[in-house]
Amino acid sequence: MVKPFYNPPSLMTKQLRSALLIRKLTGWTKLPWWATQAGKIFQIAAGCQGIGCFGYPVHPVWEVTAKCNLTCDHCHARGNEAQYADELTTEEGKTRVIDPLADVGDFKSLIFSGGEPLVREDLFDLVAHSKKRGFYPIMATNATLITSTVAEKLKKTGLLGIAASIDSMSDGTHDAFRKLPGALKQAKEGIANAAAEGMYIQINITVSKINKNELQDIVRYADDLRAHVILLYQFIPSGRGLESAELELTTEEFREEILEAGSLQKSLHPVIAPVGLPEYWALLNVKNNSGKTSDVLRGCVCGNGMFYIKPNGDVWPCAFVPVSGGNLRHKTPKEIWEGAEPFTSLRDRDNLKGICHDCSQRQVCGGCRARALAHTGDLFAEDSRCPLTPQERLVG
């Protein structure tokens with residue numbers, strides 16, 4: 001069985017320190033409201049060892065299927081192309097994924113992702129099994145398939161919440177990006193159905209040149225929903241995104257986004273956490289002269305906070321880093337997490353190169369490993385789109 005989120009108690013202390021640090025870095029005024037949601041927050045952040053890319057390390061994510069009802073331009077999983085004919089079966093999912101994941105002491109939550117998880121018929125069975133083993137299950141979804149009946153069923157299986165994707169408040173923009181007319185309307189209805197069941201709500205936004213000027217509108221929608229967290233995914237040229245690489249933001253645009261998001265955070269109820277932009281924490285840290293914060297600011301979690309399981313059992317250190325540390329049909333999660341490459345090398349930031357190696361914020365940032373790989377072919381290369389100035393990189 002997975003140990004509960006309050007074991008050891010030091011994890012909850014780190015979660016509290018993380019929230020207080022966000023208040024210090026951004027002037028966040030809604031911490032008292034967030035505290036009223038502690039019952040949900042502590043379970044969702046189960047095992048949280050601080051703040052980092054993807055919100056909170058450490059956690060496993062299982063891409064249960066590459067199949068999807070949408071064909072989004074940016075999809076790292078190339079959803080709806082069904083390229084995995086050898087997806088793990090229901091039995092393998094239980095005995096090769098869920099059960100042995102419980103043997104890894106760092107893992108307490110489990111995110112079911114895709115593709116679209118709800119197109120997999122045994123999803124409810126898999127979620128229920130993970131709950132039975134003691135995991136705190138969450139589902140990453142496009143939300144278009146969450147009817148009121150589905151939401152009720154998910155709640156009964158033990159699902160604690162959803163992370164739903166919204167890329168624009170304009171039907172035309174969102175639907176074109178997702179390749180389905182009515183996708184935004186259906187997603188908003190699905191999110192509302194999950195919220196009606198009392199679930200944790202997280203809004204995922206993929207920021208690109210298409211919607212970078214809409215950030216405030218989407219964030220305000222999430223705030224009105226009283227979502228708990230907003231993940232700002234950066235468009236990274238991986239998966240199907242390789243075919244639209246021109247959508248990636250520039251160094252200057254990354255900096256503008258960081259400053260805008262940090263400013264918006266002050267009056268928001270949910271917490272903003274960028275994905276693929278660990279420099280967010282570094283820049284805010286420098287500007288506020290916060291000193292040593294690496295005990296909770298973790299930056300890039302590639303290999304040191306993310307355990308990403310592909311539909312066929314391959315394990316990647318990040319959803320955007322197609323480098324396998326092994327396959328769960330042949331190795332246990334514990335073997336891969338504790339001793340496989342590239343996981344072990346990624347945990348030593350002395351292995352980073354260029355400006356990332358020399359930066360005073362190396363431990364709270366580390367640069368985006370996925371972007372470094374996409375641009376150079378080297379997982380340990382510097383993040384060439386780092387938005388910090390040379391002077392800011394010296395502040396420590």
Side-chain angles (χ1 to χ4, degrees), residues 1-15 42-50 52 54-65 84 86-114 117 120 122-140 157-161 298 301-319 321 323-348:
M1 290 291 292
V2 176
K3 292 182 180 179
F5 67 87
Y6 48 80
N7 185 1
S10 59
L11 293 174
M12 295 177 65
T13 301
K14 279 201 170 185
Q15 290 166 35
F42 278 130
Q43 292 184 69
I44 293 295
C48 173
Q49 298 178 17
F54 280 97
Y56 55 94
V58 172
H59 61 279
V61 179
W62 179 16
E63 187 183 300
V64 293
T65 183
Y84 284 105
D86 57 343
E87 292 184 350
L88 297 168
T89 65
T90 304
E91 183 62 20
E92 286 178 317
K94 293 178 180 180
T95 62
R96 294 287 184 179
V97 180
I98 297 172
D99 290 348
L101 279 175
D103 294 331
V104 182
D106 287 333
F107 298 162
K108 297 178 184 292
S109 63
L110 178 57
I111 292 83
F112 291 85
S113 183
R120 183 159 171 157
D122 60 355
L123 178 70
F124 301 99
D125 187 18
L126 293 171
V127 171
H129 187 75
S130 74
K131 185 68 174 178
K132 183 179 178 181
R133 292 288 285 161
F135 281 108
Y136 299 91
I138 310 151
M139 180 177 69
T157 64
L159 193 77
L160 296 179
R298 301 286 296 277
V301 299
C302 181
N304 65 71
M306 171 66 66
F307 190 87
Y308 194 84
I309 306 162
K310 296 294 287 184
N312 68 341
D314 282 341
V315 180
W316 295 0
C318 169
V321 175
V323 180
S324 179
N327 187 287
L328 295 184
R329 284 182 166 130
H330 311 295
K331 291 185 177 181
T332 67
K334 191 177 181 71
E335 288 173 328
I336 296 173
W337 179 248
E338 294 183 354
E341 291 291 352
F343 289 86
T344 52
S345 292
L346 284 164
R347 289 170 192 162
D348 184 357

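Numbering starts at 1 and runs along the sequence shown.
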- Of all residues at least two apart in sequence or in a different chain, which pass the side chain to side chain contact (heavy atoms under 4.5 Å, CB included) check with Lys334? Val104, Thr332, Glu338
- Query: Is there side-chain contact between Phe135 and Leu101, with heavy atoms separated by less than 4.5 Å?
  - Reply: yes
- Report yes or no: do Thr65 and Glu87 form a side-chain donor-acceptor pair below 3.5 Å? yes
- Does the side chain of Ile138 reach to within under 4.5 Å of the side chain of His59, using non-hydrogen atoms? no
- Item | Partner residues of Asp348 under the salt bridge (Lys or Arg N to Asp or Glu O under 4.0 Å) criterion, sequence neighbours left out | none
- To the nearest 0.5 Å, what is the distance between CD (Gln15) and SG (Cys48)? 4.5 Å
- Please examine the side chains of Tyr308 and Ser113, heavy atoms only from C-beta on, and report whether any two atoms are closer than 4.5 Å. yes
- Note on the structure: Here the pair of heavy atoms bringing Pro117 nearest to Met139 is CG-CG, 3.9 Å
- Query: Among all residues two or more places apart in sequence or in another chain, which pass the side chain to side chain donor-acceptor pair (under 3.5 Å) test with Arg347?
  - Reply: none
- Item | Heavy-atom check, side chain of Asn304 versus side chain of Arg298, under 4.5 Å | yes
- Query: Residues two or more places apart in sequence or in another chain: which of them pass side chain to side chain contact (heavy atoms under 4.5 Å, CB included) with Asn327?
  - Reply: Asn312, Asp314, Arg329, His330
- What pair of heavy atoms forms the shortest contact from Phe54 to Cys318, and how long is it? CE1-SG, 4.1 Å
- Message: Return the CE to CD1 distance between Met306 and Ile111, rounded to the nearest 0.5 Å.
- Response: 7.0 Å
- Message: If I compare all heavy atoms of Leu126 with all of Thr90, which pair ends up nearest, and what's the gap?
- Response: CD2-O, 3.9 Å
- Mind checking the CG-NZ spacing from Leu88 to Lys310? Nearest 0.5 Å is all I need. 12.0 Å
- Task: Kindly determine whether Asp106 and Trp337 satisfy side-chain contact (heavy atoms from CB on, under 4.5 Å), including the steps that lead there.
- Result: CA-CA 10 Å; Asp106 287 333; Trp337 179 248; 3.1 Å; yes
- How are the rings of Phe107 and Phe307 set to each other: parallel, tilted or perpendicular (split at 30° and 60°)? tilted
- Near Lys331 NZ, under 6.0 Å, is it more than 12 heavy atoms from other residues, nucleotides or ligands? no
- ring pair (Phe, Tyr, Trp, His ring centres under 6.0 Å) filter on Tyr136, not counting sequence neighbours, yields Phe5
- Query: Quick one: salt bridge (Lys or Arg N to Asp or Glu O under 4.0 Å) partners of Asp122, sequence neighbours excluded?
  - Reply: Arg120
- Item | Nearest-0.5 Å distance that lies between atom CZ in Arg96 and atom CG in Leu328 | 9.0 Å
- Between the side chain of Lys108 and the main-chain N/O of Asn7, is any donor-acceptor distance below 3.5 Å? yes
- Just jot down the salt bridge (Lys or Arg N to Asp or Glu O under 4.0 Å) partners of Asp125, sequence neighbours excluded, or say none. Lys94
- Message: Which residues pass the side chain to side chain contact (heavy atoms under 4.5 Å, CB included) test with Thr157, not counting sequence neighbours?
- Response: Phe124, Val127, Ala128, Leu159
- Message: Is it the case that atom NZ in Lys3 sees more than 12 heavy atoms from other parts of the structure closer than 6.0 Å?
- Response: no
- Partners passing salt bridge (Lys or Arg N to Asp or Glu O under 4.0 Å) against Glu335 (at least two apart in sequence or in another chain): none
- Query: For the residue pair Pro317 and Pro342, what are the closest heavy atoms and their distance?
  - Reply: CG-CG, 3.9 Å
- Is the closest side-chain heavy-atom distance between Phe112 and Pro137 below 4.5 Å? yes
- Item | Results of side chain to side chain donor-acceptor pair (under 3.5 Å) for Trp62 - residues two or more places apart only | none
- Heavy atoms, side chains only, cut-off 4.5 Å: are Val58 and Val301 in contact? no
- Task: Measure across Pro333 and Pro100 and return the closest heavy-atom pair with its distance rounded to 0.1 Å.
- Result: CD-CB, 3.5 Å
- Query: Quick one: does Asp99's side chain get under 4.5 Å of Arg133's, heavy atoms only?
  - Reply: yes
- Message: So, using side chain to side chain donor-acceptor pair (under 3.5 Å) as the criterion, who are the partners of Ser109 when residues are at least two apart?
- Response: none
- Message: Just to verify, what does Glu341 make a side chain to side chain donor-acceptor pair (under 3.5 Å) with, not counting sequence neighbours?
- Response: Thr344, Ser345
- Query: So do the side chains of Ile309 and Val61 get within less than 4.5 Å of each other, counting heavy atoms only?
  - Reply: no
- Item | Distance in Å, Leu11 CG paired with Lys14 NZ, rounded so as to fall on 0.5 Å steps | 8.0 Å
